[in-house]
Number of protein chains: 2
Amino acid sequence: MNKTYRQGQILKLIRSRRLHTQDELARALRSIGIPATQVTLSRDIRELGLIKTPDGYAEAVPDSAAAPEVEPLVREFVRDVRAAQNLLVLRTPPGHANAVAVALDNAEWPEVTGTIAGDDTILIIAPDAKTAESLRQKFLEMLQ
Amino acid sequence: MNKTYRQGQILKLIRSRRLHTQDELARALRSIGIPATQVTLSRDIRELGLIKTPDGYAEAVPDSAAAPEVEPLVREFVRDVRAAQNLLVLRTPPGHANAVAVALDNAEWPEVTGTIAGDDTILIIAPDAKTAESLRQKFLEMLQ
DNA sequence: TATTATTATTCATTTGACTGAATAAAAATT
DNA sequence: AATTTTTATTCAGTCAAATGAATAATAATA
(Lines give C-alpha, C1' and ligand atoms only; values in the text may rest on other atoms or scores of the structure.)
Protein backbone atom coordinates (compact mmCIF):
# COMPACT_ATOMS: atom_id res chain seq x y z
CA MET A 1 0.00 0.00 0.00
CA ASN A 2 1.19 3.41 -1.08
CA LYS A 3 2.67 5.64 1.61
CA THR A 4 1.59 9.06 0.33
CA TYR A 5 -1.96 7.83 -0.20
CA ARG A 6 -2.06 6.25 3.25
CA GLN A 7 -0.95 9.55 4.78
CA GLY A 8 -3.60 11.38 2.80
CA GLN A 9 -6.24 9.04 4.15
CA ILE A 10 -4.94 9.57 7.68
CA LEU A 11 -5.48 13.29 7.24
CA LYS A 12 -8.94 12.67 5.85
CA LEU A 13 -9.85 10.37 8.75
CA ILE A 14 -8.71 12.64 11.56
CA ARG A 15 -10.61 15.51 9.99
CA SER A 16 -13.83 13.55 9.91
CA ARG A 17 -13.78 11.80 13.27
CA ARG A 18 -12.00 11.72 16.58
CA LEU A 19 -9.24 9.15 16.70
CA HIS A 20 -7.51 9.04 20.05
CA THR A 21 -4.87 6.36 19.67
CA GLN A 22 -2.70 4.94 16.96
CA ASP A 23 -4.43 1.59 17.33
CA GLU A 24 -7.78 3.24 16.75
CA LEU A 25 -6.34 4.88 13.67
CA ALA A 26 -4.97 1.55 12.50
CA ARG A 27 -8.43 0.00 12.78
CA ALA A 28 -10.03 2.91 10.93
CA LEU A 29 -7.54 2.56 8.12
CA ARG A 30 -7.98 -1.19 7.95
CA SER A 31 -11.72 -0.69 7.57
CA ILE A 32 -11.13 1.29 4.39
CA GLY A 33 -8.71 -1.29 3.05
CA ILE A 34 -5.43 0.21 4.13
CA PRO A 35 -3.44 -2.11 6.37
CA ALA A 36 -0.86 -0.46 8.62
CA THR A 37 0.72 -1.26 11.96
CA GLN A 38 1.08 1.05 14.91
CA VAL A 39 4.78 1.36 14.10
CA THR A 40 4.04 2.72 10.67
CA LEU A 41 1.42 5.11 12.00
CA SER A 42 3.82 6.44 14.59
CA ARG A 43 6.11 7.39 11.72
CA ASP A 44 3.31 8.79 9.58
CA ILE A 45 2.09 10.95 12.42
CA ARG A 46 5.52 12.44 12.90
CA GLU A 47 5.99 13.01 9.17
CA LEU A 48 2.60 14.69 8.90
CA GLY A 49 3.32 16.79 11.98
CA LEU A 50 0.12 15.68 13.71
CA ILE A 51 -0.36 16.44 17.38
CA LYS A 52 -2.30 14.56 20.01
CA THR A 53 -5.08 16.58 21.61
CA PRO A 54 -7.84 15.71 24.08
CA ASP A 55 -10.06 15.50 20.98
CA GLY A 56 -7.77 13.01 19.28
CA TYR A 57 -5.05 13.46 16.71
CA ALA A 58 -5.14 16.76 14.85
CA GLU A 59 -3.14 18.71 12.33
CA ALA A 60 -0.67 21.15 13.78
CA VAL A 61 -1.08 24.84 13.16
CA PRO A 62 0.57 25.51 9.78
CA ASP A 63 3.81 27.02 10.99
CA SER A 64 4.57 24.20 13.39
CA ALA A 65 3.40 21.53 10.99
CA ALA A 66 6.04 19.06 9.92
CA ALA A 67 8.26 20.84 7.45
CA PRO A 68 9.37 18.68 4.53
CA GLU A 69 13.06 17.88 4.74
CA VAL A 70 15.19 19.89 2.34
CA GLU A 71 17.80 17.27 1.57
CA PRO A 72 15.57 14.50 0.18
CA LEU A 73 13.83 17.03 -2.06
CA VAL A 74 17.10 18.47 -3.30
CA ARG A 75 18.46 15.00 -3.95
CA GLU A 76 15.42 13.97 -5.89
CA PHE A 77 14.71 17.11 -7.89
CA VAL A 78 17.66 19.44 -8.31
CA ARG A 79 19.31 19.27 -11.71
CA ASP A 80 21.72 22.16 -11.40
CA VAL A 81 23.00 24.81 -9.01
CA ARG A 82 24.51 28.08 -10.18
CA ALA A 83 25.66 31.11 -8.27
CA ALA A 84 25.70 34.72 -9.49
CA GLN A 85 26.67 37.37 -6.99
CA ASN A 86 24.47 36.80 -3.95
CA LEU A 87 21.96 34.79 -5.95
CA LEU A 88 21.63 31.08 -6.48
CA VAL A 89 19.68 29.49 -9.30
CA LEU A 90 18.48 25.93 -8.91
CA ARG A 91 16.96 24.03 -11.82
CA THR A 92 14.49 21.17 -11.49
CA PRO A 93 12.42 19.05 -13.86
CA PRO A 94 9.24 20.85 -14.94
CA GLY A 95 6.75 21.48 -12.15
CA HIS A 96 8.97 20.55 -9.22
CA ALA A 97 10.54 23.90 -8.39
CA ASN A 98 7.76 24.95 -6.07
CA ALA A 99 8.03 21.89 -3.83
CA VAL A 100 11.72 22.45 -3.28
CA ALA A 101 11.16 26.14 -2.60
CA VAL A 102 8.45 25.34 -0.05
CA ALA A 103 10.90 23.13 1.84
CA LEU A 104 13.60 25.79 1.69
CA ASP A 105 11.25 28.46 2.97
CA ASN A 106 10.13 26.28 5.85
CA ALA A 107 13.67 25.37 6.76
CA GLU A 108 14.42 29.01 7.54
CA TRP A 109 18.14 28.74 6.99
CA PRO A 110 20.09 31.90 7.77
CA GLU A 111 21.82 31.58 4.38
CA VAL A 112 18.48 31.91 2.61
CA THR A 113 17.06 35.41 2.70
CA GLY A 114 14.22 34.42 0.42
CA THR A 115 13.18 32.30 -2.56
CA ILE A 116 11.11 32.69 -5.69
CA ALA A 117 10.00 29.61 -7.60
CA GLY A 118 8.82 29.30 -11.16
CA ASP A 119 7.99 26.08 -12.92
CA ASP A 120 11.46 24.56 -13.16
CA THR A 121 13.62 27.26 -11.61
CA ILE A 122 14.20 28.48 -8.07
CA LEU A 123 15.89 31.77 -7.34
CA ILE A 124 17.46 31.88 -3.90
CA ILE A 125 18.48 35.21 -2.50
CA ALA A 126 21.42 34.91 -0.10
CA PRO A 127 22.72 37.69 2.15
CA ASP A 128 25.93 38.04 0.14
CA ALA A 129 28.06 36.39 -2.52
CA LYS A 130 30.18 34.47 -0.05
CA THR A 131 27.15 32.94 1.56
CA ALA A 132 25.68 32.13 -1.83
CA GLU A 133 28.81 30.23 -2.75
CA SER A 134 28.91 28.25 0.47
CA LEU A 135 25.23 27.50 0.04
CA ARG A 136 25.99 26.23 -3.43
CA GLN A 137 28.60 23.91 -1.94
CA LYS A 138 26.07 22.71 0.58
CA PHE A 139 23.67 21.77 -2.20
CA LEU A 140 26.39 20.11 -4.25
CA GLU A 141 27.34 17.98 -1.26
CA MET A 142 23.74 16.85 -0.93
CA LEU A 143 23.95 15.79 -4.56
CA GLN A 144 27.28 14.06 -3.80
CA MET B 1 26.01 9.83 -7.91
CA ASN B 2 22.58 11.40 -7.98
CA LYS B 3 20.41 10.68 -11.00
CA THR B 4 18.51 13.97 -11.29
CA TYR B 5 21.71 15.96 -10.92
CA ARG B 6 23.48 13.81 -13.52
CA GLN B 7 20.60 14.41 -15.94
CA GLY B 8 20.80 18.13 -15.24
CA GLN B 9 24.49 18.12 -16.04
CA ILE B 10 23.80 16.20 -19.25
CA LEU B 11 21.45 18.98 -20.33
CA LYS B 12 24.02 21.58 -19.40
CA LEU B 13 26.75 19.78 -21.34
CA ILE B 14 24.83 19.30 -24.56
CA ARG B 15 23.82 22.96 -24.49
CA SER B 16 27.41 24.10 -24.22
CA ARG B 17 29.15 21.76 -26.64
CA ARG B 18 28.55 19.23 -29.34
CA LEU B 19 28.52 15.70 -28.06
CA HIS B 20 27.95 13.17 -30.80
CA THR B 21 28.02 9.83 -29.03
CA GLN B 22 27.10 8.42 -25.66
CA ASP B 23 30.72 7.52 -25.06
CA GLU B 24 31.73 11.11 -25.69
CA LEU B 25 29.09 12.21 -23.23
CA ALA B 26 30.33 9.67 -20.70
CA ARG B 27 33.84 11.11 -20.96
CA ALA B 28 32.56 14.68 -20.61
CA LEU B 29 30.65 13.73 -17.50
CA ARG B 30 33.59 11.87 -16.03
CA SER B 31 35.73 14.98 -16.49
CA ILE B 32 33.39 16.89 -14.22
CA GLY B 33 33.35 14.15 -11.63
CA ILE B 34 30.22 12.29 -12.65
CA PRO B 35 30.87 8.65 -13.49
CA ALA B 36 28.32 6.97 -15.73
CA THR B 37 28.37 4.14 -18.22
CA GLN B 38 26.97 4.15 -21.72
CA VAL B 39 24.10 2.00 -20.49
CA THR B 40 23.05 4.62 -17.98
CA LEU B 41 23.37 7.41 -20.52
CA SER B 42 21.21 5.53 -23.00
CA ARG B 43 18.50 5.52 -20.35
CA ASP B 44 19.04 9.14 -19.35
CA ILE B 45 18.80 10.25 -22.96
CA ARG B 46 15.48 8.52 -23.37
CA GLU B 47 14.14 9.92 -20.10
CA LEU B 48 15.21 13.43 -21.03
CA GLY B 49 13.74 13.03 -24.49
CA LEU B 50 17.00 13.99 -26.20
CA ILE B 51 17.39 13.44 -29.89
CA LYS B 52 20.47 12.74 -31.94
CA THR B 53 21.20 15.32 -34.60
CA PRO B 54 24.10 15.84 -36.99
CA ASP B 55 25.25 18.45 -34.46
CA GLY B 56 25.18 15.98 -31.59
CA TYR B 57 22.59 15.26 -28.98
CA ALA B 58 20.00 17.98 -28.50
CA GLU B 59 16.83 18.64 -26.59
CA ALA B 60 13.65 17.79 -28.41
CA VAL B 61 11.21 20.54 -29.27
CA PRO B 62 9.07 21.01 -26.14
CA ASP B 63 5.99 19.13 -27.28
CA SER B 64 7.89 16.04 -28.32
CA ALA B 65 10.18 16.17 -25.31
CA ALA B 66 9.96 13.20 -22.99
CA ALA B 67 6.79 13.58 -21.02
CA PRO B 68 7.10 12.59 -17.39
CA GLU B 69 5.19 9.39 -16.66
CA VAL B 70 1.90 9.95 -14.87
CA GLU B 71 1.88 6.81 -12.75
CA PRO B 72 5.13 7.27 -10.82
CA LEU B 73 4.12 10.84 -10.00
CA VAL B 74 0.66 9.82 -8.87
CA ARG B 75 2.11 7.02 -6.76
CA GLU B 76 4.61 9.30 -5.11
CA PHE B 77 2.51 12.39 -4.57
CA VAL B 78 -1.23 11.83 -4.55
CA ARG B 79 -2.80 11.79 -1.11
CA ASP B 80 -6.46 11.68 -2.05
CA VAL B 81 -8.81 11.47 -5.02
CA ARG B 82 -12.37 12.77 -4.90
CA ALA B 83 -14.99 13.04 -7.58
CA ALA B 84 -17.80 15.60 -7.80
CA GLN B 85 -19.94 15.56 -10.92
CA ASN B 86 -17.53 15.65 -13.84
CA LEU B 87 -14.73 17.01 -11.69
CA LEU B 88 -11.92 15.23 -9.87
CA VAL B 89 -9.96 16.73 -7.02
CA LEU B 90 -6.52 15.33 -6.26
CA ARG B 91 -4.62 16.37 -3.16
CA THR B 92 -0.83 16.29 -2.80
CA PRO B 93 1.70 17.39 -0.21
CA PRO B 94 2.40 21.14 -0.42
CA GLY B 95 4.11 22.26 -3.60
CA HIS B 96 3.73 19.04 -5.58
CA ALA B 97 0.41 19.59 -7.29
CA ASN B 98 1.93 21.34 -10.26
CA ALA B 99 4.31 18.51 -11.14
CA VAL B 100 1.49 16.00 -11.25
CA ALA B 101 -0.65 18.35 -13.32
CA VAL B 102 2.18 18.86 -15.81
CA ALA B 103 2.42 15.10 -16.30
CA LEU B 104 -1.35 14.80 -16.72
CA ASP B 105 -1.45 17.60 -19.26
CA ASN B 106 1.35 16.03 -21.27
CA ALA B 107 -0.25 12.63 -21.18
CA GLU B 108 -3.23 13.96 -23.14
CA TRP B 109 -5.65 11.35 -21.91
CA PRO B 110 -9.10 11.54 -23.47
CA GLU B 111 -10.61 11.37 -19.96
CA VAL B 112 -8.87 14.62 -19.02
CA THR B 113 -10.39 17.67 -20.63
CA GLY B 114 -8.12 19.96 -18.63
CA THR B 115 -6.40 20.54 -15.31
CA ILE B 116 -5.79 23.39 -12.92
CA ALA B 117 -3.17 23.08 -10.22
CA GLY B 118 -2.71 25.06 -7.05
CA ASP B 119 -0.15 24.38 -4.39
CA ASP B 120 -1.47 21.09 -3.03
CA THR B 121 -4.61 20.56 -5.10
CA ILE B 122 -5.29 19.58 -8.69
CA LEU B 123 -8.66 20.04 -10.29
CA ILE B 124 -9.23 17.72 -13.22
CA ILE B 125 -12.09 18.44 -15.57
CA ALA B 126 -13.46 15.30 -17.16
CA PRO B 127 -15.98 15.18 -20.03
CA ASP B 128 -18.74 13.84 -17.80
CA ALA B 129 -19.45 12.32 -14.39
CA LYS B 130 -19.10 8.75 -15.59
CA THR B 131 -15.68 9.42 -17.01
CA ALA B 132 -14.67 11.24 -13.85
CA GLU B 133 -15.60 8.22 -11.78
CA SER B 134 -13.71 5.78 -13.98
CA LEU B 135 -10.75 8.11 -13.93
CA ARG B 136 -10.94 8.11 -10.15
CA GLN B 137 -10.80 4.31 -10.22
CA LYS B 138 -7.80 4.48 -12.50
CA PHE B 139 -5.97 6.66 -10.00
CA LEU B 140 -6.97 4.48 -7.06
CA GLU B 141 -5.58 1.43 -8.84
CA MET B 142 -2.28 3.22 -9.32
CA LEU B 143 -2.27 3.79 -5.58
CA GLN B 144 -3.14 0.10 -5.09
C1' DT C 1 27.23 -6.25 -48.50
C1' DA C 2 30.65 -6.67 -44.80
C1' DT C 3 32.63 -4.35 -41.15
C1' DT C 4 32.77 -1.17 -37.62
C1' DA C 5 30.64 2.02 -34.51
C1' DT C 6 26.91 3.19 -31.75
C1' DT C 7 22.80 2.39 -29.07
C1' DA C 8 19.29 -0.50 -26.65
C1' DT C 9 18.04 -4.47 -23.90
C1' DT C 10 18.47 -8.35 -20.69
C1' DC C 11 19.94 -10.11 -16.52
C1' DA C 12 22.12 -9.81 -12.14
C1' DT C 13 23.69 -6.92 -8.41
C1' DT C 14 23.56 -3.15 -5.39
C1' DT C 15 21.43 0.31 -2.77
C1' DG C 16 18.12 2.65 -0.19
C1' DA C 17 13.28 3.38 1.26
C1' DC C 18 9.64 1.23 3.61
C1' DT C 19 7.75 -1.81 6.82
C1' DG C 20 6.83 -4.95 10.89
C1' DA C 21 8.15 -7.61 15.17
C1' DA C 22 10.08 -7.04 19.33
C1' DT C 23 10.82 -4.07 22.80
C1' DA C 24 12.13 0.18 25.14
C1' DA C 25 10.35 4.56 26.62
C1' DA C 26 6.83 7.52 27.95
C1' DA C 27 2.25 8.66 29.38
C1' DA C 28 -1.99 7.67 31.54
C1' DT C 29 -4.55 5.40 34.94
C1' DT C 30 -5.45 2.95 39.14
C1' DA D 1 4.12 4.12 43.28
C1' DA D 2 2.59 0.23 40.52
C1' DT D 3 0.20 -1.14 36.60
C1' DT D 4 -1.63 -0.58 32.26
C1' DT D 5 -1.89 1.81 28.01
C1' DT D 6 0.15 4.18 24.38
C1' DT D 7 4.00 5.66 21.58
C1' DA D 8 8.83 5.56 19.81
C1' DT D 9 12.96 3.09 18.52
C1' DT D 10 15.96 -0.67 17.06
C1' DC D 11 16.89 -4.28 14.15
C1' DA D 12 16.08 -7.19 10.42
C1' DG D 13 13.58 -8.39 6.24
C1' DT D 14 11.36 -7.04 1.83
C1' DC D 15 10.87 -4.70 -2.27
C1' DA D 16 11.60 -1.45 -5.97
C1' DA D 17 14.66 1.76 -8.30
C1' DA D 18 19.12 2.42 -10.18
C1' DT D 19 23.09 0.69 -12.20
C1' DG D 20 26.66 -2.07 -14.88
C1' DA D 21 28.38 -6.13 -17.62
C1' DA D 22 27.36 -8.69 -21.36
C1' DT D 23 25.31 -8.74 -25.52
C1' DA D 24 21.75 -8.01 -29.02
C1' DA D 25 20.07 -4.68 -32.25
C1' DT D 26 20.67 -0.91 -35.10
C1' DA D 27 23.11 2.61 -37.68
C1' DA D 28 27.03 4.30 -40.07
C1' DT D 29 30.80 3.53 -42.97
C1' DA D 30 34.06 1.24 -45.95
Side-chain angles (χ1 to χ4, degrees), chain A residues 1-10 14 18-30 33-58 60 66 68-79 93 96 142-144, chain B residues 1-10 14 18-30 33-58 60 66 68-79 93 96 103 141-144:
Chain A
M1 178 59 59
N2 181 277
K3 178 180 166 183
T4 307
Y5 183 65
R6 183 185 64 241
Q7 295 189 347
Q9 298 314 298
I10 290 171
I14 65 164
R18 295 182 174 184
L19 293 165
H20 293 271
T21 69
Q22 297 181 2
D23 273 325
E24 253 187 279
L25 178 55
R27 282 192 295 276
L29 284 168
R30 205 165 308 124
I34 301 176
T37 64
Q38 176 267 324
V39 176
T40 297
L41 298 184
S42 170
R43 293 175 180 127
D44 284 340
I45 284 165
R46 182 178 47 215
E47 285 175 29
L48 292 169
L50 303 185
I51 53 176
K52 192 173 182 175
T53 75
D55 289 342
Y57 282 100
E69 292 285 333
V70 172
E71 181 154 349
L73 283 162
V74 167
R75 294 175 69 97
E76 181 164 4
F77 297 120
V78 171
R79 282 185 167 173
H96 288 290
M142 288 182 186
L143 298 165
Q144 287 167 3
Chain B
M1 179 56 61
N2 181 279
K3 178 178 165 183
T4 309
Y5 183 66
R6 182 185 65 240
Q7 295 189 346
Q9 298 314 298
I10 290 171
I14 65 164
R18 296 182 175 184
L19 292 165
H20 293 271
T21 70
Q22 297 181 1
D23 274 325
E24 253 186 280
L25 179 54
R27 281 192 296 276
L29 284 167
R30 205 166 306 125
I34 302 176
T37 64
Q38 176 266 324
V39 176
T40 297
L41 298 184
S42 170
R43 293 176 180 127
D44 284 340
I45 284 165
R46 181 176 50 214
E47 286 175 27
L48 292 169
L50 303 184
I51 53 176
K52 192 173 181 175
T53 74
D55 289 342
Y57 281 101
E69 290 287 332
V70 172
E71 180 154 350
L73 284 162
V74 167
R75 294 175 69 97
E76 181 164 5
F77 297 119
V78 171
R79 282 185 168 172
H96 288 291
E141 277 162 29
M142 289 182 185
L143 297 166
Q144 284 169 2

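Reckoned from all heavy atoms, side chains included, excluding hydrogens, waters and symmetry mates. Here the structure is a predicted model, which means the values were calculated and not measured. Letters A, B, ... are given to chains in the order of the sequence lines, protein chains preceding strands, and every chain is numbered from 1.
Taking every heavy atom of residues 69-78 of chain B and every atom of DNA chain D, no pair lies under 4.0 Å.
Of the residues near DNA chain D, B:Gln144 and B:Pro35, the one whose nearest nucleotide (by heavy atom distance) lies more toward the 5' end is B:Gln144.
Across the protein-nucleic acid pair, B:Leu25 atom CG and C:dA8 atom P stand 12 Å apart, rounded to whole Å. Remark: P of C:dA21 and CG of A:Leu41 are 13 Å apart, rounded to the nearest angstrom.
Between A:Arg79 and B:Leu48 the shortest side-chain heavy-atom distance falls below 4.5 Å.
Residue contacts shown for B:Thr21 are limited to sugar-phosphate atoms, with no base heavy atom under 4.0 Å away.
Here the nucleotide nearest the side chain of B:Ser42, chosen from C:dC18, D:dT19, C:dT7, is C:dT7.
Under the Watson-Crick and G-U wobble criteria, each requiring two contacts below 3.5 Å, nucleotide D:dA30 is paired to C:dT1.
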Heavy-atom contacts, protein to nucleotides 21-30 of chain D, under 4.0 Å, summarised as B (base), S (sugar-phosphate only) or - (none) per nt, yield BB--------

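In this structure, B:Arg30 has no salt bridge (Lys or Arg N to Asp or Glu O under 4.0 Å) partners at least two apart in sequence or on a different chain.
Here the CG atom belonging to A:Leu25 is positioned 8.5 Å from the CG atom belonging to A:Asp44, to the nearest 0.5 angstrom.
A salt bridge does not link A:Arg43 with A:Glu47: none of the charged nitrogens is closer than 4.0 Å to a carboxylate oxygen.
The shortest distance between the side-chain N/O atoms of A:Tyr57 and the OP1/OP2 oxygens of D:dT7 is below 4.0 Å.
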